[in-house]
Amino acid sequence: MALVWVALLLAACRGQEDAWQRVQETGVLKVGLDPTYPPFEAADANGVFGLDVDLANALAVDLGVQTEFVLFGYDGLYDALATGQVDVLISALVVAPERTKDFAYSTPYFNAGEILIVRQDEENIVRMEDLHGRTLAVELGALGHVEATSWAKRLPTLTIVPYQTADEALTAVTNHEADAALVDAISGRLFLRQTDGLKRTAVPITVEPFAIVTRIADRQLLEQINRSLTALENNGQLDEITQQWLGK
Amino acid sequence: MFWVFLLVLLLTRPPTPVIVSLGPPQTVYSEHPIVGVHTRLTDEVEEWKIKRSLQMVRQMGAGWIVEFFPWAYYHAVDGGIAWGRPDMIIGHAHTQGLQVIARIGLTPEWARPSDTPLTYLDETAYDDFAEFAARFAERYHGRVSHMIIGNEPNLSYEWGYRLTTPDDYASLLEVVYPAIKAANPNMVVLAGALAPTLEPAGSPWGLNDLEYLAQLYEAGAADYFDGLAVHAYGLTFPATADPAPDILNFRRVELVRQVMEEYGDADTKIYITETGWNDHPRWTMAVRPALRIQYTLDAFAYAEENWPYVEMMALWVLRFPAPTRSFMDYYTLVTPEFVTKPIYTAVQEYTGN
């Protein structure tokens, strides 16, 4: 009977153990992602690929384990983590303060917020305040459009021109129809990668941080991931991965 | 010592409550009276935000709101009903000149078996639900014009995670309808709102809306509703895309209408109590923001031109009190901070405001 109690006690303790213990024991980090968001994650016949996949693999190398990718629909990601089907989510997820009762977020690894894109020779536009009397291209209805509309209240001489897509807004800057474009960092950087003559300004206009998600109880795992992220940032690997998929 | 006492007093006293008045009566100006919007004010805590939301509905030129009034929140086991919240919401809506379609549902704990979800409502509680519905209809005579009985009864999730049966819903209508009419003969009672779905018979998730509606008529429900509420989401299709029984798109409403006509119910109006497109950057059922705007305006124009039987269309959804951090945020017209999105402005211009 005592043996049964010991076994039950051990099982109970095991149920509460930090996921990091299990990751170490098995040598596998189970990563949940939704492979429908290129260039962060996508899938084909050969498997999954993208920025988040490369980041997960780099983290795993640093942690001394291997990755196992488990695919879910976007809306099922958090449930998959909550029910222990995966150890972490690395899937271009924005930090959501409302979820922090159950989940913890790593140090952000990418800011997907709005950025300003200007022509290469433009030296006077760095931030929104510099757009007095200027023309700003935006994607109609997108968050950049909402942000620009808010700024227009403070900058009455700002002219906002909406375009059907982010690419059209950025082309307008190339064609001198607009002085700058306010678009999300992903659209902006992908466009810059294939177009000469434009640059992004140094200061992001809004913040939309992508981070890795763990269960709230897995503190050790989160610590390990943050430590690895810092290492990847310091040795330039994070930058390298980001640039590989999104350009400079 | 006195100063310390004063400081403690100042620091610990509760904040002065914000006094919100109804304000003067307003009227909605709209060149397209079909335009409405679904609000989510039941979840909103602060009264000034409720008032602000409803002002923004009026300023957008939407003459209708659809709002949810959960039975479970108000009706106590001793029969008492806490009218404070609905009084506040309906009072502000009425002052803004808005026509209110009230959706009622969610069963109080005392009216359902233990360990059942809020959406569980069986025949043992139909009379209790009817009593609440009747008292609601009576209280808001002249301020609420329409009531929807339940929500998406063709989904098992909305039916207490049970197999959805049109027979059960028909029985519910048979009990609730006469109770409402006895309390307030002017109240327009809407059945539904049916969720667009392709689920086959026997599915644990729900039942195809067209099939469900046909069975509802077979069950003799036609005498127990004055209008039919439907949900019509466009998903990734343009507003004018042709309907088909195996496709979920905006014009599925025409297939619903066909069923109504087949059962001799052509005089009954349709109310589209949820519609719209989503512009989440990564949800597979979303479109780009510019397309969302275009499809939304096309939908209003198409309905006005081609669907004389559609009384109103409510966009899902004006605003949430807080971000959901999911694709649902990308159905909204206004952010939680009351910043209007360009789609709000587009609808506002469309209505001539």
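Protein chains get the first letters and strands the later ones, always in sequence-line order, with residue 1 at the start of each. These values consider heavy atoms only, across backbone and side chains, with no hydrogens, waters or symmetry-generated copies.
- Listed options A:A166, A:G73, A:S91 were ranked by heavy-atom pairs under 4.5 angstrom with chain B; first place goes to A:S91.
- Between B:R288 and A:E139 the shortest side-chain heavy-atom distance falls below 4.5 Å.
- At a 4.5 Å heavy-atom cutoff, the contact between A:S150 and chain B is made by side-chain atoms alone.
- Within the 4.5 angstrom heavy-atom criterion, no atom of A:S187 approaches chain B.
- Around atom CD of B:E31, more than 12 heavy atoms belonging to other residues, nucleotides or ligands sit under 6.0 Å away.
- Only the side chain of B:Y330 comes within less than 4.5 Å of a heavy atom in chain A; its backbone stays farther off.
- With a 6.0 Å radius and a threshold of 12 heavy atoms from other residues, nucleotides or ligands, A:Q243 has its CD atom above the threshold.
- In this structure, A:R193 places its CZ atom where more than 12 heavy-atom neighbours from other residues, nucleotides or ligands lie under 6.0 Å away.
- Heavy atoms of other residues, nucleotides or ligands lying less than 6.0 angstrom from OH of B:Y157 number 12 at most.
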* **Test side-chain contact (heavy atoms from CB on, under 4.5 Å) applied to A:Y74 and B:H280, step by step** => CA-CA 11 Å; A:Y74 175 65; B:H280 190 277; 3.5 Å; yes
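- Side-chain contact between A:V146 and B:P342 is present, with heavy atoms from C-beta onward closer than 4.5 Å.
- The environment of B:Y73 atom OH is sparse: at most 12 non-hydrogen atoms of other residues, nucleotides or ligands sit within 6.0 angstrom.
- Contact detail for B:R282 and A:T36: the closest heavy-atom pair is O-OG1, 4.2 Å.
- Looking at A:E98, only its side chain comes within 4.5 Å of chain B, counting heavy atoms on both sides.
- Put simply, of B:A322, B:S326, B:P323, B:A346, the one with the most heavy-atom pairs under 4.5 Å next to chain A is B:P323.
- No part of A:V138 comes within reach of chain B, as not one of its non-hydrogen atoms sits under 4.5 angstrom from that chain.
- For A:D34, the parts lying under 4.5 angstrom from a heavy atom of chain B are both the backbone and the side chain.
- The structure places CG of A:L143 at 8.0 Å from CG of B:D279, a figure rounded to the nearest 0.5 Å.
- For B:P289 against A:A142, the heavy-atom pair with the smallest separation is CB-N, 3.6 Å.
- For a residue to count as touching a neighbouring chain, one of its non-hydrogen atoms must lie under 4.5 Å from one of that chain's; by this rule B:I293 touches chain A with the side chain only.
- At a 4.5 Å heavy-atom cutoff, B:T345 makes no contact with chain A through either its backbone or its side chain.
- Heavy-atom distances place no part of A:I186 under 4.5 Å from chain B, backbone and side chain included.
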